[in-house]
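These notes concern the structure reproduced below.
In the text below, chain A, chain B and the rest are named by the order of the sequence lines, each starting its count at 1.
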2 protein chains.
Amino acid sequence: MIQLLDLVETDEKNIFKNSQLNAKNPSQFVLSEALRKLHTLSNRMMSNFEALFTYIHETAGKSLSAQDKQLLMVHFKPKKLRKRQYFLQEGDVCRYIGFITKGSARTFTVDEKGNEHILKLSLENWWLADFESFYKLTPSRFNIEALEELEVLQTTNAEIEDVLKQIPAFLEMSSVINQNYTIANQKRIEAAMTYTAEERYGDLVRNYPQFLKRFPQNMIASYLGLSRETLSRLRKNALK
Amino acid sequence: MIQLLDLVETDEKNIFKNSQLNAKNPSQFVLSEALRKLHTLSNRMMSNFEALFTYIHETAGKSLSAQDKQLLMVHFKPKKLRKRQYFLQEGDVCRYIGFITKGSARTFTVDEKGNEHILKLSLENWWLADFESFYKLTPSRFNIEALEELEVLQTTNAEIEDVLKQIPAFLEMSSVINQNYTIANQKRIEAAMTYTAEERYGDLVRNYPQFLKRFPQNMIASYLGLSRETLSRLRKNALK
DNA sequence: GTAGTCAGGTGATTTAAGTCACGCTTGCCT
DNA sequence: AGGCAAGCGTGACTTAAATCACCTGACTAC
């Protein structure tokens, strides 16, 4: 039981996982103490996990068994980042993939001139990772930074293989997401190559209206591949 | 056996599949005739299929059993298109996905002004489809046209589910391809948004030198999102 | 043959968007 | 309260690339 107490004290976030594994042989005193913390934690975590469960269910079109859910709770760990904290830094290998339960983030590069280019803006119910780095375990060319207080459920490259193998709904979800990404990326390439700044902004307003409420204009401009001045001007014209 | 003969005469491309299914109860005369054609065909087709087998093996890192190969030969059918023929037309649902064994193709849209924009150039050992339309069975916004005499091995949306389920190496390949597409698309978005015409052309020269030999400059220009004049000029500058 | 089409090059001009510079608000920090 | 950085707007100027126009050479069809 020292083991359990240690875990409670040193790595609070792991308590849920480890107490599940060790709960069969507890001493009375330690149990009551651990259970109190466990209760608080599990409530907090459950609400985060519910979002993930719902998301998987809806995306995969398959329901999750109690066992599936337990497995997800073992493999995914909640993590909080303050505003401006980095989820991933350029040059590091992206070892974690996160499911956003609260907050927002941006994925960006910095070019030789020091200009930042936002490649992705992410909100709740989106996955957060540099997939190239995550899949291939190569150093990332991107930075991922929290734009607001950010809460994710994250797992590692090593563990996700288990999850994919053991939870059919998760595998299905993964395949659906890949399809959707491919489609969305294809559209974005088309847009970047063939449309004017104005048309691209119009698309954003139509397809991602929530972006306008959550992200400042300079971020939107960078995401659209525009200078903030150009965006400001075409917003003025669009009002007419 | 009339059935078999009919198939030989009316749909030569299906002979291999159907003779496999019907070969258990042949009459002597018809068999010898059919076998002659079958032999010719199977030789021709095998060489195409070898490219597919090799590709799956190398991409998935798993080998294919004899059964796997047979199943692929049942589900994939060779198809030839002449130069300028369409593999897919805008407005149609993309029911087929093709593996290119010979030739090249372009995927493009036509905007309101009548300008064509090439989104993808494809060569041997690439898959050919509008994935959005193929996965969702919605009308495609793209045209896919053969640029040279084109040979593909193609299957349908309905059949590919079987292939994915029954051949583990194919499923693995599919997942690897999806990852690679996602990565390649991410890079292309980054390039389109942040790099100049010159840098994008430089990237192409480095990453896809074979494109320069196989595709005319106006196609390359369109693929890079440039006018042919701009490409011509920056090629002149690059020579210095 | 000759006409016609197509890929490609190049000059002159236009235009969309970037860059630089400055000002104005708003919220935050101590 | 004062200082200060962030977010946004806007005028003046520059620049990258598109567009328009015309030319050449190669190939194809008749």
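- Residue Ser232(A) places none of its side-chain N or O atoms closer than 4.0 Å to OP1 or OP2 of dC8(D).
- Asn207(B) pairs by the side chain to side chain donor-acceptor pair (under 3.5 Å) definition with nothing, not counting sequence neighbours.
- Contact between the side-chain N/O atoms of Ser227(A) and the OP1/OP2 oxygens of dG18(C) is found at a separation under 4.0 Å.
- The stretch residues 187-221 of chain B comes close to DNA chain C through Pro216(B), Gln217(B), Asn218(B), each having a heavy atom under 4.0 Å from the strand.
- Residues passing the side chain to side chain donor-acceptor pair (under 3.5 Å) test with Ser140(A) are Asp130(A), sequence neighbours excluded.
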Short heteroatom pairs, N/O only, protein and nucleotides 11-13 of chain C, under 3.5 Å:
{"from": "dG11(C)", "atom 1": "N7", "to": "Arg233(B)", "atom 2": "NH1", "distance (Å)": "3.0"}
{"from": "dG11(C)", "atom 1": "O6", "to": "Arg233(B)", "atom 2": "NH2", "distance (Å)": "3.3"}
{"from": "dA12(C)", "atom 1": "N6", "to": "Arg233(B)", "atom 2": "NH2", "distance (Å)": "3.4"}

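- Judged as a salt bridge (Lys or Arg N to Asp or Glu O under 4.0 Å), not a single pair has a partner in residues 82-96 of chain B (not counting sequence neighbours).
- Applying the salt bridge (Lys or Arg N to Asp or Glu O under 4.0 Å) rule to pairs touching residues 178-187 of chain B yields Glu132(A)-Lys187(B), sequence neighbours excluded.
- With sequence neighbours excluded, the residues that form a side chain to side chain donor-acceptor pair (under 3.5 Å) with Glu148(B) are Ser104(B), Arg214(B).
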Under a 4.0 Å heavy-atom criterion, the protein footprint on nucleotides 22-30 of chain C, written with B, S and -, is ---------
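- Each salt bridge (Lys or Arg N to Asp or Glu O under 4.0 Å) pair with one or both residues in residues 189-198 of chain B, not counting sequence neighbours, appears once here: Arg141(A)-Glu190(B).
- Remark on the helix from dG1(C)-dC30(D) to dT30(C)-dA1(D): inter-end axis angle 30°, axes from five-pair C1' superpositions, rounded to 10°.
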Quick tally for nucleotides 23-30 of chain D: nucleotides whose base has a protein heavy atom under 4.0 Å get B, sugar-phosphate-only ones S, the rest -, giving --------
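- Remark: Glu145(B) pairs with Arg106(B) by the side chain to side chain donor-acceptor pair (under 3.5 Å) rule, at least two apart or across chains.
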